[in-house]
2 protein chains.
Amino acid sequence: MRGKKDMMSGDDIRNAGLKVTLPRVKILALLEQSEQGHVSAEDVYKLLLDAGEEIGLATIYRVLTQFESAGLVTRHHFEGGQSVFELDRGEHHDHIVCIKCGRVEEFFDQTIEDRQQEIAKEKGFSVEAHALTIYGYCKDPACRAS
Amino acid sequence: MRGKKDMMSGDDIRNAGLKVTLPRVKILALLEQSEQGHVSAEDVYKLLLDAGEEIGLATIYRVLTQFESAGLVTRHHFEGGQSVFELDRGEHHDHIVCIKCGRVEEFFDQTIEDRQQEIAKEKGFSVEAHALTIYGYCKDPACRAS
DNA sequence: CAACAAATGAGATGCTTTTGCATTCTGCCA
DNA sequence: TGGCAGAATGCAAAAGCATCTCATTTGTTG
């Protein structure tokens, strides 16, 4: 089962009111193919270098930020410094992150979503966004807590 | 209703294996009295200055980090740059933050806690920590979404 | 295909946080 | 209570992440 959209393309960039340039196309393609699905700007920079594309880090930050504004990409602030980006396929989800190996898995839980709305209501807040991240050790034996 | 501990003191610093110095005492006292309860290192620096205590920013970062290791203080990474610290009174809770005025309120929801455990279990993760932050506009009319 | 606006690259810059090192202070023991 | 070893502090420099500046290059539209 996949999200609403499986493939992004130049049209998505154009629809965002952005010119279809090589850096933008390459970055979008990379996010699409990315194994992990969750990459930092630095990761994007290095992966593109490996692929023979020399795109400045400043451009990568700019493009990712623009993609974020356009709703093509979501930015997460996990603990540990750098922001992490992932393609936005239109389905909200939260994350569970391995604090040993960095593996990121996604989940969605309607019960939690509902409770959040209720809590916000009780406190008189509107809900514009939320971030839930669980940190732990994944099932890889090498990562199990000592 | 208050947490397990209402007052921190030099003993807490000593028990953490740290020497009881003026900067540490002042910082701990400030966290205790702080209205907001959630302050950045910069905030601590300025508040102490206002109180006539000149303590270097580097020291404040060092002390807060030590307090964190000692479990006296919890560090949060809300969106927007700086880390914020709060006294750890022994009760876990999550946060709801106003994206307009920065107000921070706390909440605890057993249902959400339970669901998190179940989700981690399903994914084969252990749960070492988690961070749930809801972002929205608070009840202050000046903050209501335009 | 010309012309203009938008985008890029490289390096400078800003901010938050950490670190190195010389000086000062705490806690402990004689 | 005086003195000492190790810990803590302050300052300035550095590090890490992200953004900005500006000259140059590249899409796009007519």
Side-chain angles (χ1 to χ4, degrees), chain A residues 9-30 38-49 51-70 72-86 102, chain B residues 9-30 38-49 51-70 72-86 102:
Chain A
S9 72
D11 287 339
D12 291 290
I13 297 174
R14 210 184 318 276
N15 291 339
L18 301 170
K19 288 188 180 179
V20 181
T21 62
L22 189 133
R24 302 217 253 238
V25 170
K26 292 294 177 187
I27 292 172
L28 192 55
L30 185 147
H38 300 78
V39 292
S40 66
E42 187 87 27
D43 292 335
V44 172
Y45 178 69
K46 289 188 180 144
L47 288 168
L48 286 174
L49 262 192
E53 304 289 343
E54 288 216 21
I55 298 176
L57 196 48
T59 299
I60 293 174
Y61 273 107
R62 258 184 310 233
V63 170
L64 287 173
T65 302
Q66 292 159 340
F67 282 2
E68 184 189 13
S69 301
L72 295 178
V73 151
T74 305
R75 181 194 304 238
H76 304 289
H77 304 266
F78 298 152
E79 299 194 28
Q82 294 164 285
S83 297
V84 173
F85 300 83
E86 82 178 301
Chain B
S9 72
D11 287 340
D12 291 289
I13 298 174
R14 210 186 319 278
N15 292 338
L18 301 169
K19 290 189 175 176
V20 181
T21 62
L22 188 132
R24 301 217 252 241
V25 170
K26 292 295 178 187
I27 292 172
L28 192 55
L30 186 148
H38 300 79
V39 292
S40 67
E42 187 85 27
D43 291 337
V44 172
Y45 178 70
K46 289 190 181 143
L47 288 168
L48 286 174
L49 262 191
E53 303 289 341
E54 288 215 22
I55 298 176
L57 196 48
T59 299
I60 292 173
Y61 273 107
R62 262 186 303 235
V63 169
L64 288 172
T65 302
Q66 292 158 341
F67 282 1
E68 185 189 13
S69 303
L72 294 179
V73 151
T74 305
R75 182 194 303 238
H76 303 289
H77 305 264
F78 297 152
E79 299 193 30
Q82 295 163 286
S83 298
V84 299
F85 300 82
E86 82 177 303

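Reminder, nothing fancy here: chain letters follow the sequence lines and each chain counts from 1.
- Residues A:I55 and A:L48 approach most closely at CD1-CD1, 3.8 Å, considering heavy atoms.
- The ring pair (Phe, Tyr, Trp, His ring centres under 6.0 Å) test applied to A:Y45 returns no partner, not counting sequence neighbours.
- Here C:dG11 presents its C1' atom at 12 Å from OH of A:Y45, a figure rounded to the nearest Å.
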Can you list the steps and then say if B:V44 with B:I27 is a side chain to side chain contact (heavy atoms under 4.5 Å, CB included)? CA-CA 7 Å; B:V44 172; B:I27 292 172; 4.2 Å; yes
Side-chain donor-acceptor distances from residues 56-67 of chain B under 3.5 Å, at least two apart:
{"residue": "B:T65", "atom": "OG1", "partner": "B:Y61", "partner atom": "O", "Å": "2.8"}
{"residue": "B:T65", "atom": "OG1", "partner": "B:R75", "partner atom": "NH2", "Å": "3.0"}
{"residue": "B:Q66", "atom": "OE1", "partner": "B:R24", "partner atom": "NH1", "Å": "2.8"}

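- A rotation axis mapping the C1' atoms of four pairs onto the next four is fitted at both ends of the helix from C:dC1-D:dG30 to C:dA30-D:dT1 over five pairs, and the angle between these axes is 20° to 10 degrees.
- Note on A:S83: only backbone sugar-phosphate atoms sit closer than 4.0 angstrom, heavy atoms only; bases stay farther off.
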May I have the step-by-step check of side chain to side chain contact (heavy atoms under 4.5 Å, CB included) for B:E68 and B:T74, ending in yes or no? CA-CA 6 Å; B:E68 185 189 13; B:T74 305; over 6 Å; no
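- A distance of 13.0 Å separates NE2 of A:H76 from OG of A:S40, quoted to the nearest 0.5 Å.
- Partners of B:H77 by ring pair (Phe, Tyr, Trp, His ring centres under 6.0 Å), not counting sequence neighbours: none found.
- The nearest whole Å value for the distance from the NE2 atom in A:H77 to the P atom in C:dT17 is 14 Å.
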Output one letter per nucleotide in nucleotides 18-30 of chain C: B when a protein non-hydrogen atom lies under 4.0 Å from the base, S when only the sugar-phosphate is that close, - when neither is. BBB-----BS---
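- With sequence neighbours left out, the salt bridge (charged side-chain N to carboxylate O under 4.0 Å, His left out) criterion links B:K46 to B:E42.
- Rounded to an integer number of Å, the gap from A:Q66 CD to C:dA6 C1' is 10 Å.
- A:L64 has its CG atom 15 Å from the C1' atom of C:dA7, to the nearest Å.
- One interatomic measurement links the two molecules: CD1 of A:I27 to P of C:dA7, which rounds to 13 Å at whole-angstrom precision.
- Scored by the side-chain contact (heavy atoms from CB on, under 4.5 Å) test, A:A16 finds A:L18, A:A70 as partners (sequence neighbours excluded).
- Using a 4.0 Å heavy-atom criterion, one finds that A:E42 contacts no nucleic acid atom at all.
- A search for salt bridge (charged side-chain N to carboxylate O under 4.0 Å, His left out) contacts involving A:E53 returns A:K26, not counting sequence neighbours.
- Between A:V25 and A:I13 there is a side-chain heavy-atom pair separated by less than 4.5 Å.
- Once you apply a 4.0 Å limit to the heavy atoms of chain A, the touched nucleotides of DNA chain D run 5' to 3' over D:dC17 to D:dT28.
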